Amino acid sequence: MAAHMVNAADLHGLVHPSCLAKSLTLWWLLARQGISSHLRIGIRKENEKMEAHAWVERDGAALNEPDEHHQHYSAFDAAFSSLPQEER
């Protein structure tokens, strides 16, 4: 549900955020609901250019895009799996 909300906001909004902004938003929304997920960031080399991409995974499946899209990127080994603790 949260993934659909983030994608709908992107489709119908005036601003179209980057994959990182959308993935951070989804990851945060899921964490606030107590749903564990992983923020993944990957890179690839395309036509002599480095490209980066971000997505959110739960149980190994991408939540905010079709599986085939992020599979073209080499993800960093460590996934971000929890929000930083708030300072008291």
Side-chain angles (χ1 to χ4, degrees):
M1 178 69 155
H4 294 293
M5 290 171 31
V6 172
N7 286 334
D10 178 36
L11 288 173
H12 302 292
L14 297 175
V15 177
H16 301 287
S18 67
C19 60
L20 179 59
K22 290 190 296 188
S23 294
L24 282 168
T25 301
L26 175 58
W27 182 57
W28 182 82
L29 286 171
L30 292 171
R32 297 284 297 182
Q33 296 175 41
I35 301 169
S36 65
S37 62
H38 301 283
L39 174 65
R40 302 303 305 255
I41 299 173
I43 59 171
R44 73 177 178 181
K45 192 172 184 180
E46 182 79 16
N47 298 326
E48 300 302 315
K49 239 173 59 172
M50 295 298 285
E51 296 181 352
H53 184 56
W55 64 97
V56 177
E57 287 183 356
R58 179 167 167 79
D59 298 329
L63 299 179
N64 54 334
E65 65 180 37
D67 280 335
E68 61 273 1
H69 185 73
H70 73 274
Q71 291 178 352
H72 298 285
Y73 293 84
S74 296
F76 293 108
D77 287 341
F80 300 96
S81 57
S82 62
L83 294 174
Q85 297 296 320
E86 291 183 29
E87 292 184 32
R88 297 173 194 214

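Bear in mind that the values here come from a model prediction, so they are computed numbers and not experimental data.
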| task | Might you point out which heavy atoms bring E65 and A54 nearest each other, and give the distance in Å? | result | OE1-O, 4.4 Å

| field | Rounded distance (nearest 0.5 Å) linking atom CG of L63 with atom CZ of R40 | value | 12.5 Å

| message | How long is the straight-line distance from CD of E57 back to OG of S36, given to the nearest 0.5 Å? | response | 12.0 Å

| How about F76 and I43: do any of their side-chain heavy atoms sit closer than 4.5 Å? | yes

| Single-linkage hydrophobic cluster, 4.5 Å side-chain cutoff, W55 and W28 together | no

| message | What's the separation between atom CZ in R58 and atom CG in L26, rounded to the nearest 0.5 Å? | response | 11.5 Å

| said: In this structure, would Y73 and L20 fall into the same cluster of hydrophobic residues linked by side-chain contacts under 4.5 Å? | reply: no

| task | For S37 and V56, indicate whether the former's side chain and the latter's backbone hold a donor-acceptor pair under 3.5 Å. | result | no

| request: Only counting residues at least two apart or in another chain, list the ones meeting side-chain contact (heavy atoms from CB on, under 4.5 Å) with E46. | output: R44, E51

